[in-house]
Each structure stands twice: as structure tokens, then as C-alpha cells.
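What follows is one structure encoded as C-alpha cells, with my remarks underneath.
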Amino acid sequence: MQADGRVGEAPFYFRARGSQWTFTECLTPEIDISAIGPKDDKMDFFHEDDCRGFHLSGDYGLDYDESLMPNDEVKRITLDCAGQYLRSAASDVNANITLDHSHR
């Protein structure tokens, strides 16, 4: 089972095979989303070569043929992953914000 779409401006690619699934958000516009992913399967933001992205993966727990994963389950997982991406992106931005209160 494969799915793709966008979270904001960034495209994502979801793939389920057997009992495993992966979700990758591409933050480098000129890169083919289905061709990227971290080399070490680290779950978080990654930057390798000219490619930046966000990656999550998991074990579905059942050994399905990838075409048999129910559509509702694909939607649930991708929505959860999109939410994790947005929360991680927001906390990454918040971590780099410094407030200057000297102008009060």
C-alpha cells in the first residue's frame, strides 16, 4: 500500500509492506519524495547529502500483504504521522526563538 499527499507545502510518502510502514516528509522540493529516507531509519528530522526530511516508521503488528492494509488504517497512521511532524516542526522552531524584552 502506498499513499502520498501534502502536509502544508511539503509532500509526504507513506508505504506499508508486510508488517512495516514508513512515513517520509520531504523538505527539499526538487527531490522525488519516494526516493528519500534516512540511511539509518532514525525517526525524526534528517539531513543527508542535499536531502532534508522527516521520517517515521513502525510495526503494524500483523503480517499483511501491503495491499490488504485497510484504507482507514492507512489514513489513521498518516494523520498521526502528519501531526507528529507538525508538532516536531513547531518545537524545532520554538527552540530557536529568542525573545528580546529590552524594548518594553
Side-chain angles (χ1 to χ4, degrees):
M1 170 65 78
Q2 298 177 61
D4 59 6
R6 291 187 172 278
V7 178
E9 297 294 316
F12 74 82
Y13 178 71
F14 173 86
R15 181 174 185 177
R17 173 174 269 172
S19 64
Q20 302 289 314
W21 59 263
T22 61
F23 174 92
T24 306
E25 188 86 23
C26 183
L27 304 175
T28 308
E30 59 276 2
I31 303 289
D32 176 13
I33 183 67
S34 64
I36 72 165
K39 294 175 185 162
D40 61 4
D41 207 32
K42 179 181 169 238
M43 293 195 291
D44 201 353
F45 287 97
F46 65 91
H47 190 167
E48 295 177 2
D49 303 321
D50 293 332
C51 178
R52 293 182 316 112
F54 180 80
H55 177 80
L56 295 171
S57 62
D59 183 7
Y60 185 60
L62 302 171
D63 193 17
Y64 282 108
D65 177 309
E66 63 272 15
S67 63
L68 297 179
M69 180 183 273
N71 287 339
D72 288 345
E73 187 65 7
V74 171
K75 186 175 182 179
R76 184 193 67 75
I77 293 170
T78 56
L79 287 173
D80 183 54
C81 291
Q84 288 183 55
Y85 162 71
L86 292 171
R87 285 188 297 278
S88 293
S91 68
D92 189 46
V93 167
N94 288 336
N96 292 309
I97 293 175
T98 44
L99 299 177
D100 182 0
H101 295 288
S102 63
H103 301 287
R104 290 185 168 182

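We count residues from 1, following the sequence as given. FYI, side chains are in, hydrogens and waters are out, and symmetry mates aren't considered; it's all heavy atoms of this structure.
To the nearest 0.5 Å, the span separating OG on Ser57 from CH2 on Trp21 amounts to 6.5 Å. From Leu56, atom CG reaches atom OG1 of Thr78 across 11.5 Å, with rounding to the nearest 0.5 Å.
Remark: Ala10 engages Glu25, Leu27, Tyr85 in a side-chain contact (heavy atoms from CB on, under 4.5 Å) (not counting sequence neighbours). By the side-chain hydrogen bond (donor to acceptor under 3.5 Å, both in side chains) test, Arg76 pairs with Glu73, sequence neighbours left out.
Using a 4.5 Å heavy-atom cutoff, the side chains of Phe14 and Val74 are in contact. In this structure the side chain of Met1 reaches within 4.5 angstrom of the side chain of Asn71, judged on heavy atoms. Using a 4.5 Å cut-off on side-chain heavy atoms (C-beta onward), Phe45 and Arg52 make no contact. Cys81 is not listed as a side-chain neighbour of Phe12, based on a closest heavy-atom distance of 4.5 Å or more.
Side-chain heavy atoms closer than 4.5 Å link hydrophobic residues (I, L, V, M, F, W, Y) into clusters, and following such links, even through other members, never connects Leu86 to Leu79.
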